[in-house]
Visitor: 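Just passing along the structure, written as structure tokens.
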Amino acid sequence: MPKKLIYSYLNDDELLRISSKIRDVEKTTAGELVVSIKEKRKLFEKSKSLQTLAEHEFINAEIAKTAGSTGVLIFLVLTSKEFYILADKKINEKVDQAVWNNIATEMGNHFIDGNFCKGILMGIEECGKILSAHFPILPNDVNELSNNIRLKK
């Protein structure tokens, strides 16, 4: 990903803070959190819904392969200023989509104010609270997915 675009939203310190927040939140839950930031939609993606793009990234990031089906994706597209929260099937059996939509609204309020890092950190924390309540950490829990932000062109 060209550094120019991502760095107009987040600096290196903020990228590290986001990865650290994912790591910290996952210490309280058997769930997995992934943040994926895409620079822009490709030409063939322009007609696809944001949900469809998020579902595609969910599969590519192997979130659907987690042992407990308890992964959550926070997916952002920078140039179009879009984002979507997508939870795996076991989570959706217990948590209504309206909960994710509320978190997305709060994140969006931070983004509107230009506080991208704060919005993402808040989203991770709120998702973590929900995951911890429904899927607490297990004694034999393994971190199945990287805590690093997925940066995509």
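These numbers come from a predicted model, not from an experiment.
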Visitor: So, using side chain to side chain donor-acceptor pair (under 3.5 Å) as the criterion, who are the partners of K90 when residues are at least two apart?
Guide: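 With neighbours one apart ignored, the set is empty.
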Visitor: To the nearest 0.5 Å, what is the distance between OG1 on T70 and CD on E93?
Guide: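 Reported to 0.5 Å precision, the distance equals 11.5 Å.
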Visitor: Would F116 end up clustered with V34 when hydrophobic side chains under 4.5 Å apart are linked, directly or stepwise?
Guide: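 They do not share one cluster, since no chain of ILVMFWY contacts under 4.5 Å joins F116 to V34.
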Visitor: Write down the atom of I103, the atom of G123, and the distance for their closest heavy-atom approach.
Guide: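 Scanning both residues completely, I find the closest heavy atoms to be CG2-CA, 3.9 Å.
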Visitor: Not counting sequence neighbours, which residues clear side chain to side chain contact (heavy atoms under 4.5 Å, CB included) with K81? List them please.
Guide: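 Listed in chain order: Y9.
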Visitor: Determine whether a donor-acceptor pair (N or O, by modelled atom type, separation under 3.5 Å) exists between the side chain of N11 and the backbone of D13.
Guide: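 It does hold such a pair.
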Visitor: Run the side chain to side chain contact (heavy atoms under 4.5 Å, CB included) test against V95 and tell me which residues pass, sequence neighbours left out.
Guide: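 Scan of V95 (side chain to side chain contact (heavy atoms under 4.5 Å, CB included), adjacent residues dropped) gives I91, V99, W100, I130, H134.
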Visitor: Members other than L138 in its cluster, when Ile, Leu, Val, Met, Phe, Trp, Tyr link by side-chain heavy atoms under 4.5 Å?
Guide: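 Cluster partners of L138: none, it stands alone.
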Visitor: Heavy atoms, side chains only, cut-off 4.5 Å: are I124 and V35 in contact?
Guide: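 Heavy-atom side-chain distance check passes, below 4.5 Å.
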Visitor: With rounding to the nearest 0.5 Å, note down the distance linking CD1 in I22 to CD1 in I120.
Guide: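 Between I22 CD1 and I120 CD1, I get 9.0 Å after rounding to 0.5 Å.
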Visitor: Locate the shortest heavy-atom distance separating K89 from S69; write the atom from each residue and the value.
Guide: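 Residues K89 and S69, closest heavy atoms: CE-OG, 3.5 Å.
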Visitor: Would you give the length of the straight line joining atom NZ of K38 to atom CG of L151, rounded to the nearest 0.5 angstrom?
Guide: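 Those atoms lie 12.0 Å apart.
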Visitor: Cluster question for you: counting only ILVMFWY and a side-chain heavy-atom cut-off of under 4.5 Å, with indirect links fine, are L50 and L73 together?
Guide: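 Hydrophobic grouping puts L50 with L73.
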Visitor: Tell me every residue that passes salt bridge (Lys or Arg N to Asp or Glu O under 4.0 Å) with E106, counting only those two or more places apart in sequence or in another chain.
Guide: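 So E106 forms no salt bridge (Lys or Arg N to Asp or Glu O under 4.0 Å) with any residue.
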Visitor: In chain order, what residues pass the side chain to side chain donor-acceptor pair (under 3.5 Å) check against N60, with sequence neighbours excluded?
Guide: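 Testing N60 for side chain to side chain donor-acceptor pair (under 3.5 Å), a comparison that skips the adjacent residues, returns H56.
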Visitor: Establish whether L86 and L78 are linked, either directly or via other cluster members, by ILVMFWY side-chain heavy-atom contacts under 4.5 Å.
Guide: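 Different hydrophobic clusters.
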Visitor: Between E55 and K48, does the salt bridge (charged side-chain N to carboxylate O under 4.0 Å, His left out) criterion hold? Intermediate values first, please.
Guide: CA-CA 11 Å; E55 289 168 352; K48 295 184 179 180; over 6 Å; no
Visitor: Test of understanding: with ring pair (Phe, Tyr, Trp, His ring centres under 6.0 Å), list the residues that count as partners of Y84, not counting sequence neighbours.
Guide: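 Per chain and number, Y84 pairs via ring pair (Phe, Tyr, Trp, His ring centres under 6.0 Å) with no residue.
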Visitor: Applying ring pair (Phe, Tyr, Trp, His ring centres under 6.0 Å), name anything that partners F75, two or more places apart in sequence or on another chain.
Guide: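 Not a single residue meets the ring pair (Phe, Tyr, Trp, His ring centres under 6.0 Å) criterion with F75.
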Visitor: May I ask you to check whether E57 and S36 show a side-chain donor-acceptor distance below 3.5 Å?
Guide: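 A donor-acceptor contact under 3.5 Å links the two side chains.
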Visitor: Are the side chain of T28 and the backbone of V25 linked by a donor-acceptor contact shorter than 3.5 Å?
Guide: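 Yes; at least one donor-acceptor contact below 3.5 Å.
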Visitor: May I have the step-by-step check of side chain to side chain contact (heavy atoms under 4.5 Å, CB included) for E26 and I137, ending in yes or no?
Guide: CA-CA 8 Å; E26 286 184 354; I137 191 84; over 6 Å; no
Visitor: Applying side chain to side chain contact (heavy atoms under 4.5 Å, CB included), run through H110 and M122 and close with a yes or a no.
Guide: CA-CA 9 Å; H110 289 292; M122 184 279 311; 4.1 Å; yes
Visitor: List the residues meeting side chain to side chain donor-acceptor pair (under 3.5 Å) with D12, not counting sequence neighbours, and say none if there are none.
Guide: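 With sequence neighbours excluded, D12 shows a side chain to side chain donor-acceptor pair (under 3.5 Å) to Y7, given in chain and number order.
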Visitor: So, using salt bridge (Lys or Arg N to Asp or Glu O under 4.0 Å) as the criterion, who are the partners of K65 when residues are at least two apart?
Guide: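 Listed in chain order: E62.
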Visitor: When you measure from the side chain of T66 to the backbone of I63, do you find a donor-acceptor pair of N or O atoms at a distance under 3.5 Å?
Guide: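 Side chain of T66 to backbone of I63: a pair is present.
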Visitor: Which heavy-atom pair separates V72 from C127 by the least distance, and what is that distance?
Guide: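 Looks like CG1-SG, 4.1 Å.
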Visitor: Can you name the residues that form a side chain to side chain contact (heavy atoms under 4.5 Å, CB included) with S80, not counting sequence neighbours?
Guide: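 For S80, the residues satisfying side chain to side chain contact (heavy atoms under 4.5 Å, CB included) (neighbours in sequence not counted) are R41, V77, E82.
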Visitor: Looking at every non-hydrogen atom in both residues, tell me the closest pair between A67 and E144 and how far apart they are.
Guide: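 Of all heavy-atom pairs spanning A67 and E144, the closest is N-OE1, 2.9 Å.
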Visitor: I'd like to know if the side chain of N148 reaches the main chain of S19, judged simply by a donor and an acceptor atom lying under 3.5 Å from each other, with no hydrogens or angles considered.
Guide: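 It does not hold such a pair.
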Visitor: Rounded to the nearest 0.5 Å, how far apart are CG of L10 and CG of L15?
Guide: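 L10 CG to L15 CG: 5.0 Å, rounded to 0.5 Å.
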Visitor: Out of curiosity, L145 CG to L33 CG, how far, rounded to the nearest 0.5 Å?
Guide: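 Result: 10.0 Å between the selected atoms.
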Visitor: Minimum heavy-atom separation for L121 and I18, please, with both atom names.
Guide: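 For L121 and I18, the tightest heavy-atom pair comes out as CD2-CA, 3.8 Å.
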Visitor: Pairs in or reaching into residues 123-141: which pass salt bridge (charged side-chain N to carboxylate O under 4.0 Å, His left out), with residues at least two apart or in two chains?
Guide: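 As it turns out, the salt bridge (charged side-chain N to carboxylate O under 4.0 Å, His left out) pairs with a partner in residues 123-141, which skip direct neighbours, are K21-E125, E126-K129.
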Visitor: What are the two closest heavy atoms between V142 and E32, and how far apart are they?
Guide: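 V142 and E32 have their closest heavy atoms at O-OE2, 3.5 Å.
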Visitor: To the nearest 0.5 Å, how far apart are CG in L131 and OG1 in T29?
Guide: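 Answer for the CG-OG1 pair, L131 versus T29, is 4.5 Å.
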Visitor: Does L53 share a hydrophobic cluster with I37, counting links as ILVMFWY side-chain heavy atoms below 4.5 Å and allowing steps through other members?
Guide: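 No, it is not one cluster - the side chains of L53 and I37 are not joined through contacts under 4.5 Å.
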